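The structure presented is a predicted model; accordingly, all values stated were derived computationally and were not measured.
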Amino acid sequence: MHTTPIRVLIVDDELPLRQELRSMPWHLFGAELVGEAENGEEALLLCEELKPDLVITDIIMPIMDGMELLRQAKQRFPCIQFVLLTSHSDFQYAQQALKLGALEYVLKLTFEEEEMKAAVDKARAAIRRESDLQSYERERKRRDISQLLNTIAMGEADQATGLSQLWEAWSRAAPYYPVRLHVEVKEGDRFHLLHELKIQLERLEKESSNFYWSPIGDQDIVFVFCNLHSALEACTQAEQVMRGVYQALEMQLTDSYGGFRLLAVTGGCVREPQDLFSSLRSSVITEAMKFYDSSLTSLTADKAASGLAGPEDSPDADQIISKWIDVAKDKEKLIVFFQETLRSWAIASRFEPEKLKAFILRIREKVITVHSLLRPTEYEAFTVQLQGAPTFVQLLHVLVREQESGASGIRKVRNDVQLAQKIILTRLTEAITLTSISEEVGLSSSYFSRLFREETGESFNDYVTRMRIEKAMELLQTTQLKVYEVAERVGIPSYRYFSQLFRNWTGVAPNEYKRADFK
């Protein structure tokens, strides 16, 4: 069973012979007849239009004979295979045609179905060999370019040498706009995503002789489209690639868009060798883009760059602070302020992520001071989450969740529940039970369980688990402890159970979080 039929074009100036070839049971040979021509000139045009795999042609024809067709087609379409139809008197030409790259010759007056089937089978094997060889050469070249790009990125390559090698590799596509694609993916989806992305890029590479791609490190890929007139066109092409990957993976992902992010930045135009380095540098994925932009986003380099350095540089900063303080005592108004006013202001300005976080933490602290609000134990836990938020969407989510949980200091928590929370935080490495904590604060376990939920908005067990996971997140971010050591530090000595629990709460494995794949 042949999965992909061989596409056949027949060329002969004699109608009876074309009719005989047309009547062949091509489908039984694993082939399909896609067209026919009366001479070599017409055949060349059809090669461009129909892209046949196999051309079966007579040698002696008017206007352009089979030999000239073979010469020109092999230069323009080197992957097309040729079988020559010959007579006994054409034998010398047939031998010459084999030297020029023809696959086989068949006596046109005596050939039978078996001969034609054998020619198709031989063409299929040759096409497969050629495809394998081209794939190997492309992969070898891609590895070399990838290694060169890595050394350039690390500042280890000689600039003149690196520029010369890159220009030689991609010069056929000039002028072009390099696109850098950044991949962030959960461990469980990594194989599917990278496999599908490679399929998409290899397909583009096969369809165009002037499309190139190479990975840079573990998370970035650079690709080059030719025949584009602007960086905006390159952005559009990059979006099509990313959406093609997503559509192909839609049924395989464990968490749809949440399972991965694809971000792309298009560098400046490369017309001459000296344009290369500046274009590649300008296409680096900025921290602001990772922080503010959603998945499947493609931008030009100027659009991807940060705006103002920090919130303090904005003329609207005082107004934002004043508004925050004004609505701080009304939970619903404060949530609307976060989701609308703060969101639109930050996204429009694209502040440096760490400076924005520092600004938010300062105003949050000021709000509590201005309103003389009690700062509960959860305040510190939410602070850790705000500091570690990898995206602006998640930062807003933490701010809103803090209000919805009643843990931002706007609602005062009973002293006995606060005491219980403090005890829990100091004993995370120990076995913590509802009974032991309720006894320490002088309440029955049943009453304490109900009171704890009413005061904090979550069950005692959920609170203990959350504190352990948040402490683990902090340790993974700020220390060199191994994952099993972190598990012991937060009172979960079972490495397997800790890993599963951590993934359930955060969506990522602890070793992946430690590597900061999402920062």
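- A cation-pi arrangement is present between R466 and F382 under the rule of less than 6.0 angstrom and at most 45 degrees off the ring axis.
- The heavy-atom pair separating A301 from V265 by the smallest distance is CA-CG1, 3.8 Å.
- Around atom CD of Q274, more than 12 heavy atoms belonging to other residues, nucleotides or ligands sit under 6.0 Å away.
- Without hydrogens or angle criteria, S283 side chain to G267 main chain gives no donor-acceptor distance under 3.5 Å.
- In summary, the side chains of R364 and T383 do present a donor paired with an acceptor at a separation below 3.5 Å, with no hydrogens or angles considered.
- Residues S314 and W345 bring a donor and an acceptor atom of their side chains to less than 3.5 Å of each other.
- Across F392 and L342, no two heavy atoms sit closer than the pair CZ-O, 4.1 Å.
- Ring geometry for W170 against Y176 counts as perpendicular: the plane angle is over 60°, on a 0 to 90° scale with 30° as the lower cut.
- Salt bridge annotation for K323-D316: absent, with no cationic side-chain nitrogen under 4.0 angstrom from a carboxylate oxygen.
- In this structure, the side chain of Q75 does not engage the main chain of Q72 through any donor-acceptor pair within 3.5 Å.
- Between W324 and F338, the two ring planes are perpendicular [angle over 60°; tilted spans 30° to 60°].
- Ion pairing between a basic and an acidic side chain is recognised when a charged N comes within 4.0 Å of a carboxylate O; R180 and D220 show such pairing.
- A donor-acceptor contact shorter than 3.5 Å links the side chain of D313 to the backbone of G310.
- Under 3.5 Å, the side chains of Q200 and E196 contain a donor-acceptor pair of N or O atoms.
- Residues K290 and E184 are not paired through a salt bridge, judged by the lack of any N-O separation under 4.0 Å between the basic side chain and the carboxylate.
- The main-chain N or O of T300 is never found under 3.5 Å from a side-chain atom of T266 such that the two would form a donor-acceptor pair.
- Around CZ of F77, the count of heavy atoms belonging to other residues, nucleotides or ligands within 6.0 Å exceeds 12.
- Between M242 and L263, the closest heavy-atom pair is SD-N, 4.1 Å.
- Heavy atoms from other residues, nucleotides or ligands lying under 6.0 Å from NZ of K141 number more than 12.
- Under the 4.0 Å criterion applied to side-chain N and carboxylate O atoms, E239 and R243 are not assigned as salt-bridge partners.
- The two residues A304 and T286 have their closest heavy-atom pair at O-OG1, 3.0 Å.
- Scanning both residues, A328 and V367, for their nearest heavy atoms gives CB-CG1, 3.3 Å.
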Report task. Verify ring pair (Phe, Tyr, Trp, His ring centres under 6.0 Å) between F225 and Y177, making sure each step is shown before the conclusion. Result -> CA-CA 7 Å; F225 294 100; Y177 297 82; over 10 Å; no
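- At a cut-off of 3.5 Å, with distance as the only test, a side-chain donor of Q385 or R401 sits close to an acceptor on the other residue.
- Contact annotation: the side chain of L399 approaches that of I360 to within less than 4.5 Å [non-hydrogen atoms, C-beta and beyond].
- Distance CG/L476 to CG/L481: 8.5 Å, rounded to 0.5 Å.
- Using cut-offs of 30° and 60° on the angle between ring planes, the pair F498 and F502 is tilted.
- Salt bridge status for K471 with E474: present, with a side-chain N to carboxylate O gap under 4.0 Å.
- Within the 3.5 Å criterion, the main-chain N or O of D275 finds a donor-acceptor partner in the side chain of S278.
- To the nearest 0.5 Å, the span separating CG on L197 from CG on L181 amounts to 6.0 Å.
- Not one N or O on the side chain of K357 forms a donor-acceptor pair closer than 3.5 Å with the backbone of L395.
- Heavy-atom minimum distance, V222 versus P178: CG1-CB, 4.4 Å.
- Considering only heavy atoms from C-beta on, N39 comes within 4.5 Å of E42 through its side chain.
- Side-chain atoms of E233 come within 3.5 Å of backbone N or O of H229 as a donor-acceptor pair.
- A salt bridge is defined here as a Lys NZ or Arg NE, NH1 or NH2 lying under 4.0 Å from an Asp or Glu carboxylate O, and R140 with D144 meets this definition.
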